[in-house]
Every structure is written in structure tokens, then in C-alpha cells.
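Beneath this line is the structure, given in C-alpha cells, with notes to follow.
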Amino acid sequence: MKIEAVTLRELHMPLVHFFETSFGRTYTRRVLLVTLHCDGLEGWGECVAGEGPWYSEEYIDGAWDVITRYLAPALLGRTPQAGREVPALLARVREHRMAKAALENAAWDAEAQDRGIPLWRLLGGTRGEIACGVSIGIQDSHAQLLQKVETELAAGYQRIKVKVKPGWDVEVLEKIRACWPEILLSCDANSAYTLADEAHLKGFDRFRLLMIEQPLWSDDFYFHARLQKQLQTAICLDEAIHGSRDAEAALELGACRIVNIKVGRVGGFSEAIAVHDVAQRFAIPVWCGGMLESGIGRAHNVALSTLSDFTLPGDVSASKRYWKEDLIEPEVEVSPQGTIAVHDRPGRGYELKKKLIEALTVRKQTLRS
Ligand code: OSB
Ligand code: MG
């Protein structure tokens, strides 16, 4: 595949409902899409960086800058034969994993179309449907949160995850457990606690959570290992795992018993597969995290979730939970059993609504070799 041009687009997409985590509230996603134009094919990828550097150091304007200045020029005119050859071409740039992932995943997207096979099979997926959970943000009231939990359970979702932070945690979990004693329930702190909260976090054990996600600092596994020894509840790392070496170090240390894999956070499909393989070697289950993706990133998350160690329900849920209208056709739909069926259509398995994409685009730039 000769990479003849790279197009970047920024879209503004209002969320159906705001999403709040311990680091802040989002009303509208600024979505960065990249297109690789190669041999008449178009591979599409989504950069999942946030509007600001709150989840990680990456943010959409920074990603736009590093892609236009350094990453796209490293690909233009090159002829990788497969998506997995892309990381080596981008390796001179340190970090900027979400920016790199958008480009690498676009190459896999093109490769799957070129070879006429489903992306999920190209990635090495083995399952025809994936299990889905939901991530429910911090709300304005407990009543509003309980209402949301009820709606998502009625829709069939297999696991409820709620965002927590000091002041929005124990009472919330207590109320959920009072209504639904047996559901699969987890919480995600996005690094809102410190070791001074150890006794407080130990108190979460009574809620019999499937896991507590990233309770401590975003760059840490050492102190998570210390904390894990004190908790019955499994720790799941999200922010702290940037690739397979991190996964190996964290698992050797005992910093977590579950791993959240986000393809953007680790730098693309190749590294996501490598993290998956490390976890599998340690007999640690993984699940696919989400970053409030549009249909393109969402379709890629669906494909990744078909790999064999993705045994826990992911944060990959229906398009309509996020958007009035998604960028793909069909939209991602979840069955009453809380599953998403994967298709045997070639490529990502979802067509793009090009007119809608154009209508939502607020800036666009094409770089050519
Ligand atoms: O920590 O998993 C997270 C969204 C934005 C940033 C970080 C996270 C999240 C989510 C939402 O939990 C998952 C989703 O529904 O896409
Ligand atoms: Mg998380």
C-alpha cells in the first residue's frame, strides 16, 4: 500500500448526555479523524485524545500538531505492506501514542479492505460476538445515577461501571448495591485517590466489586501493587499501562489483577495485541476500554474485543448512548443480552456516512507526498 496522502479532520460532536469523571465534565467531543489514501483505498482511524490533557498528556490540538509536523510526513510516500509495519515508521517520535494509533489503525483498516477480510479476523480475533458493559459518569444527583443504572440494566448491559471520586463513592456504591445486590459492578477513579485513602478504599471491599479501576496516580504501578495487597477487590489498571512492557512490569509486581486495554492509550493495534498477549501469559483477563469514540473508533474497539483474552465485558457500548447520529452505517447496536455481534463484512464492517462527516467537520487538512 503506497501512502499517497493523509487527511486530518476535526469534527464537533455533542454527546447525548454529558460525561463526567474525576478530572472533569465533557459536553461535546472534538473528534480527530485521519484518513490514509493508498492505492485508491481509504483507511480511517480515530485519535481518541481528549479536548484537554486531563486523562493523559495528549490532547487533540497537540495530536493534530504532531501528526501534521512529524507523523504523517514519516508515512507519506512509504509502502508498508501491513498495518503492523507502521509502528516502526513512526518510532522516531517518542510517545504521542494516541496520535500514532490513529494512523496505524487507519493502515490496518485499509489492509483489511485491501485483503477483503474482516478487520477483526486480521487482528487475530476468535469470537463472533463481544460482551458489553457501560461506563456511567458522575451525575448531578444519586437519583439521576440510579435511574441511569436501571436504564442500562434494562437494555441488557452485562456490567455497570460507575465513576467515583472522593465525595462521590461509598454512598453511591451503597445505593446501587441496595437496589441490585448481584449485578457485575465496578468503579473507576481515574487516579482520584492517594495512599492516604487506603483504609477508605478497603471499605469498598464490602460492595463485592468486579474491580476498582486506576485508583492511584496515572503513572504508577509500584504503589498500586502495595495497595492491591491490602484489598480483596481486584485493581484494574487503565492510565498506567502504555504498552506491553508496562503490562509485564505491572503484572510481575502484582499491581493489578485485571487490565483495561485502550488501543489509543497503548499506541495502536500492534501494541494492543502485545498487551493482550502479555496478560494472557499471566492468566490475567482484559477488557476493552472506551474514550467516548465516534463510530470509527468504536468499530475498531469492537474488532479488538474479539481477541481471546477479552473475557470481561468492555466499555464498548451502543452508538446511541453517545450520539444522536453516529458516523457509521449500521450504527453499533447492542442486543438485549448485552452483546455486539461482529460481521463477516470485509474491513471494519461498518460503512461511513461521508455526508454527515463533512457536515460535522470544522477543520480539515490534507498532506501529500
Ligand atoms: O477512564 O475509562 C476511562 C472516558 C473518557 C476518558 C476516560 C475514560 C472514559 C470512560 C468512558 O470511562 C468509556 C466509554 O463509554 O467510552
Ligand atoms: Mg478508566
Side-chain angles (χ1 to χ4, degrees), residues 13 15-32 46-60 97-98 101 130-139 145 148-149 151-152 155 157-165 168 185-193 209-220 224 234-242 256 258-266 286-302 304-305 312-323 326 332 334 338 340:
M13 296 182 67
L15 289 162
V16 167
H17 185 80
F18 67 77
F19 191 80
E20 182 173 330
T21 64
S22 61
F23 57 78
R25 192 178 271 200
T26 307
Y27 291 92
T28 295
R29 274 298 261 148
R30 291 172 62 195
V31 175
L32 170 47
E46 177 168 349
C47 177
V48 300
E51 290 69 41
W54 324 126
Y55 165 81
S56 74
E57 72 289 351
E58 291 193 81
Y59 60 102
I60 146 154
R97 290 170 198 258
M98 293 174 180
I130 66 166
C132 309
V134 286
S135 174
I136 304 181
I138 294 165
Q139 306 298 319
L145 179 79
K148 288 214 169 279
V149 174
T151 303
E152 305 299 7
Y157 287 101
Q158 299 182 18
R159 183 225 64 204
I160 300 291
K161 151 177 152 184
V162 291
K163 293 291 186 176
V164 290
K165 64 175 182 182
W168 181 276
L185 179 65
S186 69
C187 71
D188 185 359
N190 291 106
S191 304
Y193 300 95
L209 304 176
L210 174 62
M211 65 192 130
I212 169 166
E213 191 177 335
Q214 198 71 42
L216 306 176
W217 305 276
S218 63
D219 61 356
D220 168 77
H224 278 94
I235 290 177
C236 169
L237 291 179
D238 172 354
E239 282 89 329
I241 305 286
H242 301 96
C256 62
I258 296 176
V259 175
N260 166 334
I261 299 182
K262 288 180 181 166
V263 64
R265 192 192 69 228
V266 302
V286 304
W287 54 279
C288 185
M291 292 290 287
L292 312 174
E293 286 89 349
S294 83
I296 293 165
R298 193 163 300 280
H300 288 175
N301 287 345
V302 170
L304 182 66
S305 304
L312 295 173
D315 279 349
V316 185
S317 42
S319 296
K320 68 174 184 206
R321 290 192 63 244
Y322 305 83
W323 319 114
D326 203 347
V332 173
V334 171
I340 295 171

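Whatever order the structure lists them in is the order used to number ligands and atoms, beginning at 1. Side chains are part of it too, since the values below use all heavy atoms of this structure and drop only hydrogens, waters and symmetry mates.
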Which is the closest N/O/S atom of [X] when seen from the Mg ion (ligand 2)?
X    : value
D188 : OD2
E213 : OE2
D238 : OD2

NZ/NE/NH1/NH2 to OD/OE distance under 4.0 Å, E58 and R97: no

So that I can tick it off, tell me whether K262 and D315 are bridged by a salt bridge, with the cut-off set at under 4.0 angstrom between side-chain N and carboxylate O. no

R159 to W287, cation-pi by 6.0 Å centre distance and 45° axis angle: yes

Please determine if R298 forms a cation-pi arrangement with Y322, meaning its NZ or CZ atom is less than 6.0 Å from the six-membered ring centre and no more than 45° off the ring axis. yes

Steps toward side chain to side chain donor-acceptor pair (under 3.5 Å) verdict (S56, E239): CA-CA 7 Å; S56 74; E239 282 89 329; over 6 Å; no

Do L216 and S191 make a side-chain contact, defined as non-hydrogen atoms from C-beta onward lying under 4.5 Å apart? no

With a 4.5 Å cut-off on side-chain heavy atoms, are M13 and W323 touching? yes

Put together the list of close N/O pairs, under 3.5 Å, between ligand 1 and the protein, could you?
{"unit_1": "ligand 1", "atom_1": "1 (O)", "unit_2": "K163", "atom_2": "NZ", "d": "3.0"}
{"unit_1": "ligand 1", "atom_1": "1 (O)", "unit_2": "D188", "atom_2": "OD2", "d": "2.9"}
{"unit_1": "ligand 1", "atom_1": "1 (O)", "unit_2": "N190", "atom_2": "ND2", "d": "2.8"}
{"unit_1": "ligand 1", "atom_1": "1 (O)", "unit_2": "D238", "atom_2": "OD2", "d": "3.2"}
{"unit_1": "ligand 1", "atom_1": "1 (O)", "unit_2": "K262", "atom_2": "NZ", "d": "3.4"}
{"unit_1": "ligand 1", "atom_1": "2 (O)", "unit_2": "K161", "atom_2": "NZ", "d": "3.2"}
{"unit_1": "ligand 1", "atom_1": "2 (O)", "unit_2": "D188", "atom_2": "OD2", "d": "3.4"}
{"unit_1": "ligand 1", "atom_1": "2 (O)", "unit_2": "D238", "atom_2": "OD2", "d": "3.4"}
{"unit_1": "ligand 1", "atom_1": "2 (O)", "unit_2": "K262", "atom_2": "NZ", "d": "2.9"}
{"unit_1": "ligand 1", "atom_1": "12 (O)", "unit_2": "S135", "atom_2": "OG", "d": "2.9"}
{"unit_1": "ligand 1", "atom_1": "12 (O)", "unit_2": "K161", "atom_2": "NZ", "d": "3.3"}
{"unit_1": "ligand 1", "atom_1": "12 (O)", "unit_2": "K163", "atom_2": "NZ", "d": "3.0"}
{"unit_1": "ligand 1", "atom_1": "15 (O)", "unit_2": "Y322", "atom_2": "OH", "d": "2.5"}
{"unit_1": "ligand 1", "atom_1": "16 (O)", "unit_2": "M291", "atom_2": "N", "d": "3.4"}
{"unit_1": "ligand 1", "atom_1": "16 (O)", "unit_2": "L292", "atom_2": "N", "d": "2.9"}

